[in-house]
Amino acid sequence: MTDIIPFARLMQGNEAIAEGALAAGARFFAGYPITPSTEIAEILAKKLPLVGGKFIQMEDELSSMAAVIGASLTGSKSMTATSGPGFSLKQENLGFAVLTEVPCVVVNVQRFGASTGIPTATAQGDIMQARWGTHGDHPMIALCPSSVQESFTLTIQAFNLSERFRTPVILLSEEITGHSRERVILPDPSKIEIINRKKPAAGIEKYLPYKPDADGIPPMANFGEGYRYHVTGLTHDQSGSPTTDAEKASFLTNRLHDKIMDHLDEITMTESFMTEDADVIVIAYGAVARAAKGAVRKARDMGIKAGLFRPITIWPFPAKETASMCAQAGSIIVPELNLGQLIGEVEKVAGKENRIIGINRVTGGMIRPDEILDAIKSEVRVKKHAK
Amino acid sequence: MQNSVEKYLRMDKLPHIWCPGCGNGIVLGAMVRAFTKINCNQNNTVIVSGIGCSSRAAGYMDFDTLHTTHGRALAFATGIKLAKPELKVFVIMGDGDAASIGGNHLIHAARRNIDLTAIIFNNHIYGMTGGQYSPLTPLDSMATTAPYNTIERNFDLAELAKAAGATYVARSTTYHATMLTNLIVAGATHKGFSLIEAVTACPVSYGRRNKMGSGYDMMIWQKEHAVPVQKARNLTPKEMQGKFAVGELYKAEAPEYTEVYDLLIKKAQGIPKEG
C-alpha cells in the first residue's frame, strides 16, 4: 500500500512528482542520477517495491529511456526522470517511443545552462528541446508545473495523456519547483481519474498494431498477451512491418501528428488570471508564472488593467488561446528564464499591432515580481504617450 | 506437412533482405531449430534486436518482436524482463551493435546476470552501411573506413562477457550450424545472462575486400579457423594465433537479477522468507 491519504502534506516538488507517478499507477522506473532530479529516483527506489513495482538504476540515460519503453510494452506504466544533459541523451529513444507509440512519461527538471551548466541553478532552457529535441517530424506533449501541488497533479495528467494518446509525455519542471517545499493537498485515491491504454477488442482475427481507430489511435496489446506483433523504429505499415512506400510513410507521419492536433481540447490546459479586461497581459509558464501573478496583483492594486495567461500544456503550444489574448491586449510581456524561447510561439500568433516584450534572465536565478511589474508599468506609459 | 520450424517464422515476411552468400539466414535457422528443440512458447517469448543486417531477423520470427535503436537492444530487453519476468527474452545483435555502440549495455546486462539470451551475429563488419570496421574486425583487415587496413585490436567478445559477469558464454559458426543450435538451446535454458557468439560470413562487405572468396569459401575459412574448446584449452597462445575456440566456453551459477528483485520486494514489504 502507498501511504497516499487525502490530506495536506509538506512536500518537495520532486517528491510530488514521485507521489503523482504512484497515484497514476506507475509501476516501473528506470533512471540515472542527475541533479536536480535525483530525488525522484531515490523516492521511487524506495516506494515502487512497496506496491510490487520495479525500479532500476540503469548504466546511463540512453538505457533508462530504453528500459522504460520495454517495460511499457509489457503493460507497466513507466517513467524516467532527468535534467538537461540527460534529456539530451534521452532524445534518441524518446523519438523511438513517439514513432512506435509506446506510452511513457519523461520528467525533465530543468537546470541552468548549455552543456553541464550550473547543475544546482534553475532555468527554462529546454522549452525548444522538449519540442524538437528528437529528430524528424513528430508530435510532442509537454506539461509545465508551476507549483509543488501541480507537480503532483500534472504527473497524473502526463500518464493519462500518454495512455490516452499512445505517446510519450514530457513533464517539464524546473530546479526551483523541484526543490521547493510547499503544502500539497493529496486527493482521495479513489477520486483520481486514471486513464488506461485502449486494448484490442476481444476475439479479433488479425491484430494490426498500427491500424488506428476513428480517433487516430491504434489499440495497444501488451507483449506476452499472444498477439505476437512487430514493433520497429523504422517507418512501418499498419501491421508494424518496415516500409519505404511513399503513401504509407506519409500516412503514418501525418497520423502521428493528427492524433495529437485533432484532440487539442483534451490536451490543452491553460490558466487565465484577470485577463478579461486586461490591456497588458503577461504570458508566463512554470515557476516564472508565480512571479508574474504577483506582479499582476500589484498592478491591479495600482489600478492598471493587467492579466496573466499561463500555458500549462506548453506543447502543443496553445496557439488559439494565445491569439485571443493578443487580440484583446495591446501589450504582451513574456518573461522567461532563457534568452527567449516561447516568445517566438507568441510572436507567431500575435497581430501586427501587438507589442511583444520579453524579459529574459540567464543568471541561474529567478525573475522577481517587481521586474515584471516595472515592465507592465512601462507598457502603460507607452500607451499614454501613444494617446 | 508444415515444417516444424515454420511455425516460428512469419512466412509472409520472407524472403529476407540479406545478400546472396550471407550467413545470417543460417543463424536464424539455428535459432528457430533451437526453438523447436525447447518447444518454445511463442506467446510467452519476446525477441528484441538492435540495428544492422542481423537485427532484421527479429521481424521474420513469429513472436512479440521489438526492433529497437542501434546498440540499445539489451536495455530495452532489460525493461521487458524486469517488468514481466515470466517472459522469455532473446536478444539479437550484430558485432558493431553489441560491442561498439552497445558495449556499455552489454557489460552491464552481463554484470546484472539478468535472464536474457543474447545472440551476437558476428560478421566482423558493419554490413548494412557498406563495410566499415567494427570492434570485432580482425586486426589488419581492409574496410571502407580502413583503406590502409585496421590498426585497432579487436575484442574477444566471449572473454569480455565472461569478465563482465555473464554466466553462460559460447561461440559457434555458421559452418558449425548444428553446434550453434545446441548452444542456443543451452543458453536459452540457462538461468542468467547468456551470450552466444555466432560467427557468420559477410562476403559482400567484408569477404570481398579481404580476398576471402564467396560465402561458401568463408564458411570453409570458419571450418579451418575454429578450434573445439576442449582442444583449444590444450593449445598455446601461439598455436591459437589467428584461430578461435568454439563450443561452450564458460558456464557458472549466480543469482539471477529478476529473482533477486523479487526477494527485494518481499524484503521491502516485510514478508518473511520461506522455509
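Quick note on labels: first sequence line is chain A, next is B, and so on, each numbered from 1. These values consider heavy atoms only, across backbone and side chains, with no hydrogens, waters or symmetry-generated copies.
Around NZ of A:Lys199, the count of heavy atoms belonging to other residues, nucleotides or ligands within 6.0 Å exceeds 12. When the shell of 6.0 Å around OH of A:Tyr32 is examined, it contains 12 or fewer heavy atoms from other residues, nucleotides or ligands. The 12-atom threshold is not exceeded at CG of A:Asp137, counting heavy atoms of other residues, nucleotides or ligands nearer than 6.0 Å. Other residues, nucleotides and ligands place no more than 12 heavy atoms under 6.0 Å from the CZ atom of B:Phe155.
Contact count versus chain B (heavy atoms, under 4.5 Å) is highest, among A:Leu73, A:Leu234, A:Asn222, for A:Leu234. Here A:Ser241 is the residue among A:Ser241, A:Gly233, A:Ala30 with the most heavy-atom pairs under 4.5 Å with chain B. Looking only at heavy-atom pairs under 4.5 Å with chain A, the residue among B:Lys81, B:Glu86, B:Arg10 that has the most is B:Arg10. The greatest number of non-hydrogen atom pairs below 4.5 Å with chain A, out of B:Thr258, B:Ile107, B:Leu87, B:Ile265, is found for B:Ile265. Heavy-atom pairs under 4.5 Å with chain B peak, among A:Glu92, A:Glu225, A:Met58, A:His230, at A:His230.
Of all residues in residues 63-74 of chain B, those placing a non-hydrogen atom less than 4.5 angstrom from a non-hydrogen atom of chain A are B:Phe63, B:Asp64, B:Thr65, B:Leu66, B:His67, B:Thr68, B:Thr69, B:His70, B:Arg72. Within residues 34-55 of chain B, the residues that have a heavy atom under 4.5 Å from a heavy atom of chain A are B:Gln42, B:Asn43, B:Val46, listed by number.
Contact annotation for B:Lys88: neither backbone nor side-chain heavy atoms come within less than 4.5 Å of a heavy atom of chain A. With a 4.5 Å cut-off on non-hydrogen atoms, A:Ser76 touches chain B through its side chain but not through its backbone. Proximity to chain A is absent for every atom of B:Arg111, based on heavy atoms less than 4.5 angstrom apart. Residue contact with chain B, scored on non-hydrogen atoms closer than 4.5 Å, involves the side chain of A:Phe96 exclusively. Of the two parts of A:Phe28, only the side chain, counted from C-beta on, holds a non-hydrogen atom closer than 4.5 Å to a non-hydrogen atom of chain B.
Taking OG from A:Ser239 and NZ from B:Lys13, the interatomic distance works out to 3.5 Å, rounded to the nearest 0.5 Å. Distance CZ/B:Phe76 to CG/A:Asn93: 4.0 Å, rounded to 0.5 Å.
Of all heavy-atom pairs spanning B:Gln269 and A:Gly52, the tightest one is NE2-N, 3.5 Å. Scanning all heavy atoms of the two residues, the minimum distance from A:Leu50 to B:Ala268 falls at CD2-O, 3.3 Å.
Residues B:Tyr261 and A:Lys54 form a side-chain contact, since some pair of their non-hydrogen atoms from C-beta on lies under 4.5 Å apart.
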